[in-house]
Structures are given as structure tokens and as C-alpha cells.
2 protein chains.
Amino acid sequence: MSPEEIQKNLRRYINISLEEAEQFLSLFETVRYKNRKVVVESGDYCRYFFLVEEGCLMTYYTDGNGFEHVLQFATHMWWSGDLPSLMNNVPSAYSIKAIGDTSLLQISKPNLDRLYRELPKFERYYRIIFQNALVAHQRRIIQNIAYTAEERYLQFREAYPQVELLVPQKYIASYLGITPEFLSKIRRRLSNRK
Amino acid sequence: MSPEEIQKNLRRYINISLEEAEQFLSLFETVRYKNRKVVVESGDYCRYFFLVEEGCLMTYYTDGNGFEHVLQFATHMWWSGDLPSLMNNVPSAYSIKAIGDTSLLQISKPNLDRLYRELPKFERYYRIIFQNALVAHQRRIIQNIAYTAEERYLQFREAYPQVELLVPQKYIASYLGITPEFLSKIRRRLSNRK
DNA sequence: ATTTTTTCTTAATCTAGTTCAATGTATATA
DNA sequence: TATATACATTGAACTAGATTAAGAAAAAAT
């Protein structure tokens, strides 16, 4: 990603110069993953915080019976990574894999610490990023406990139309907290109704 | 709350002097609510960010059929408030009420802006607060989609034993995404098993 | 191009959790 | 001390969504 592009994106939240955008970028490295490649395996240490450039990262939890439950889809300019693992150097509770061929910018914990130290305005940047993520998570919790699967599916489509095109349906079902079979049923129901 | 106590609490995340703690406190006012009093009504503007001193604040969403769904319980030294309403001056999606007689420190949006401006280390403080809250919300989403109601109830008890003592069971049921009747059934099942 | 693997659909059966309605029990307030 | 009000329990009937198993379709890989 070019410094100009980064600057433009970050300016949604903080006012930074082109030089600062370059300094920011210099702390990252670009990595690429093929479709379905695992980026972080649960139980391993998550050593980077990721910014998705292209493609999609899916974060998921694997339960005691081996079932996968999707926590997050991250597309262009979304952040991803296991925060407790990254921050406290503990094994990651989640796995992360690429959906479609994916290009990432990754920053290590030492470089993130350096970023906060050398460019304190990034405390503000991430304060806003986390605050917005928190608000989105609050909304999702309420949707999960207050609405039916069909309503959640419609709200999801509305909110993340790009994601629906990129991601296999079984993962969308998992994100919604239902089985792929039941999502299939919902979709039929909806198409019959129209 | 005394400046010393505040200093001690904030020092979990940032290094602040007693003077800074006093400056911080000066931006807040203390308010008290009786048990069951509504602090913020959904549809109204949430004009403050709240720090619970004593008692408990419950944030909840009221759906189209008038059912209440609990988003958060906040006890001593937890933050609460409707962030989108506070930040973007839009009507609040949630209501907030006191559970038990409750004492709060509240800061207005203008004072919060001033705090960030005059004491930039509070960007860091809230970055960490929101980051931790985000992690907790991620965990809750996974628990909701990956575990049964009984498992969620046991995990809740484990994680928030103080809350279980303070809060009526029907609200805990709501937090867990189940009906009070079913929580009652779960509790009977558990006590029979022991 | 063909084969293998992954993803999606359909249908029958089953179950965790809901709904409804009644009864019981604390806890406030007069 | 009585009386209202909020809260908790129980059980019977019901339903949204899970499970299992099979086949169809699409996408990768050879």
C-alpha cells in the first residue's frame, strides 16, 4: 500500500503528514497468503497485528468437538489479530485463516510499542479503532440474543454486502451462530417469499 | 472517590501523578440513583460517560416487542454509557438503569474532549480500556454461539461472581440470552446434580 | 478434461430452549 | 401488619434450530 493511500485512510481518525504515514508504514512488512492458508493457529503465539490490504482474514474459535465458530471477517483496511496473545504473550485462543488470496501488512509487538512511543497520536488512532470495534461487537451481541436467525442473516447482508460475496456460506452461518443447513433453509424461505 | 483511590486505579494502565488524578476528577460530577431508576432512556441523548463508584449500572436494549435484552452490567470502577450517542450526538439505542442504590462519576462529552486535549495520556488509558472491553465482548460472542445455555451460565458465574449476588436472576437470564424460566430450570438441574 | 475436494441443498427426525399460565416467595411501601 | 409489587419456580405444550445422512453442484487440483 502506498504512503498516500495509508495517509488518506488514517486521516479518517487522526491528522497525519505524509512523513508520518511513511514512518508508520516502515514498521510493517507485507505478507501474502493463499486461499485457506492458516495465518495463526490457536495455541500458537500471535506475534503480529494485521492490517488487511486485499482478500479477507477470518478469525475463528475451535470448540472441544472440533467445530469452528467465526468471530470476525476482516477485509480491506480492517485490523485483525488475537489481542490477548499479542499483548500478553499468551497462546492464542483463536485461529486466523485467509479467505481468498490475501495480502496483509503486519506489525510486531515491539514495533507496535515503538509506534505508540514515537508517534503518540497513534494511541488516539487505536483508541478510536477499538472504540468503534467495541460498538460493533455490542451490536452483534444484541442481535444474537434479541433476533431470530433469519433476522440476523438479513441484518448481516445489509451491513456487510462485500463479505457475503467473498466468503463461503458455511462460514457466514457460523458467524451468525447457526448451522450451514439451517442457513440454506432460510435462504430458500427468503427466495420463495419474493 | 478520593484522588488517591483514582490514582491507584488508573495506575493499572497509565502512570499518573496525584495532581493529574485531581485534574481528571475535577472534570467529573458525582450523581446518585436509587434502585431501578433509569439513568439513560433509549431514544434520548446519552450526554455522559459513566464510571460506577458503587452499585451497578445495567445497559439494555428494548426490542420491538418490548422485551429487554441486557448488554452489560457495570460495577465498581467499570465504565458505562452509549458510545455512539455520546460521540456522535445521536439518540441512544440502549437504556441504562441502576441496579441497587448506585453512585456514579459522570463526564460530559466536552469535558472528555478536554481531557484528551489537556492530558493526552488518557488517549492511552481509554485505548487500553476499550481494547480490554473489546476482548471481553469477543469472548462473549464466542460463548453465545459455541456453548449451551448451561455452559454459559457456569462461565458467567465463574467470571462475575460479584454480579450474580447483586443482580436479579431475570436479568442474568437476559444477559445469557435465555428466558428467566429456562435459567430457573438450569439452576434446578445443577442443584439436583450436586 | 477428469478426478478429487469442498461447498451447498434437501428432508426426516430430534432437542434445547420458548411460551403460556399458574403458584409461590421475597421485598417494598403504606 | 397488611398489601402491593417485583421476582422466582414449575409444568405442559410448542417451535426454532440442530443433527444425521444423502445427493447435487461447484471449485480446485491433477
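Remember, predicted model here, so these are calculated numbers, not experimental data. Numbered from 1 within each chain, the chains take letters A, B, ... in sequence-line order.
- Between A:Ser80 and A:Leu57 the shortest heavy-atom distance is CB-CD1, 3.9 Å.
- In this structure, CD1 of A:Ile99 is placed 8 Å from P of C:dT7, rounded to the nearest angstrom.
- Separation of atoms CE (B:Met1) and CG (B:Leu51) is listed at 5.0 Å; rounding is to 0.5 Å.
- By the rule that hydrophobic residues join a cluster once side-chain heavy atoms approach within less than 4.5 Å of another member, B:Tyr60 and B:Leu83 end up as members of separate clusters.
- The line from CD of B:Glu54 to OG1 of B:Thr75 is 11.5 Å long, rounded to the nearest 0.5 Å.
- Listed by chain and residue number, nothing satisfies the side-chain hydrogen bond (donor to acceptor under 3.5 Å, both in side chains) test with B:Thr30 (two or more places apart in sequence, or in another chain).
- Toward the 5' end of DNA chain D, the nearer of the two residues B:Ser184 and A:Arg152, judged by each one's closest nucleotide, is B:Ser184.
- In this structure, CD1 in B:Ile172 is found 11.0 Å from CE in B:Met58, a value given to the nearest 0.5 Å.
- Close placement of the B:Phe73 and B:Tyr175 rings is indicated, their centers lying within 6.0 Å of each other.
- Remark: A:Arg188 is in phosphate contact with C:dT10, judged by side-chain N or O atoms under 4.0 Å from OP1 or OP2.
- For the pair A:Phe182 CZ and C:dC8 C1', the interatomic distance rounds to 16 Å; values are reported in whole Å.
- Distance, B:Leu183 CG to C:dT19 C1': 16 Å, rounded to whole Å.
- The CD1-C1' distance, from B:Ile186 to C:dT18, rounds to 12 Å in whole Å.
- In this structure, CD of A:Glu151 is placed 14 Å from C1' of D:dG17, rounded to the nearest angstrom.
- Rounded to whole angstrom, the span from the CD atom of A:Glu150 across to the P atom of D:dT15 amounts to 16 Å.
- Nearest heavy atoms, A:Val70 versus A:Tyr171: CG2-O, 3.7 Å.
- In this entry the distance linking CG of A:Asn35 with P of C:dT7 reads 8 Å, nearest Å.
- Shown for residues 160-180 of chain A: residues whose heavy atoms fall under 4.0 angstrom of DNA chain D, namely A:Gly177, A:Ile178, A:Thr179.
- Residues forming a ring pair (Phe, Tyr, Trp, His ring centres under 6.0 Å) with A:Phe49 (at least two apart in sequence, or on another chain): A:Trp79.
- End-to-end axis angle of the helix from C:dA1-D:dT30 to C:dA30-D:dT1, using five pairs per end and rounding to 10°, comes to 60°.
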Do any N or O atoms of the protein come closer than 3.5 Å to N or O atoms of nucleotides 20-27 of chain C, and which pairs are they?
none

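- Proximity of the aromatic rings of B:Tyr125 and B:Phe122 is defined here by a centroid distance below 6.0 angstrom, and this criterion is met.
- The distance between atom NE2 of A:His69 and atom C1' of D:dG17, rounded to the nearest whole Å, is 15 Å.
- Partners of B:Ser2 according to the side chain to side chain contact (heavy atoms under 4.5 Å, CB included) rule, which considers only residues two or more places apart in sequence or in another chain, are B:Glu4, B:Glu5.
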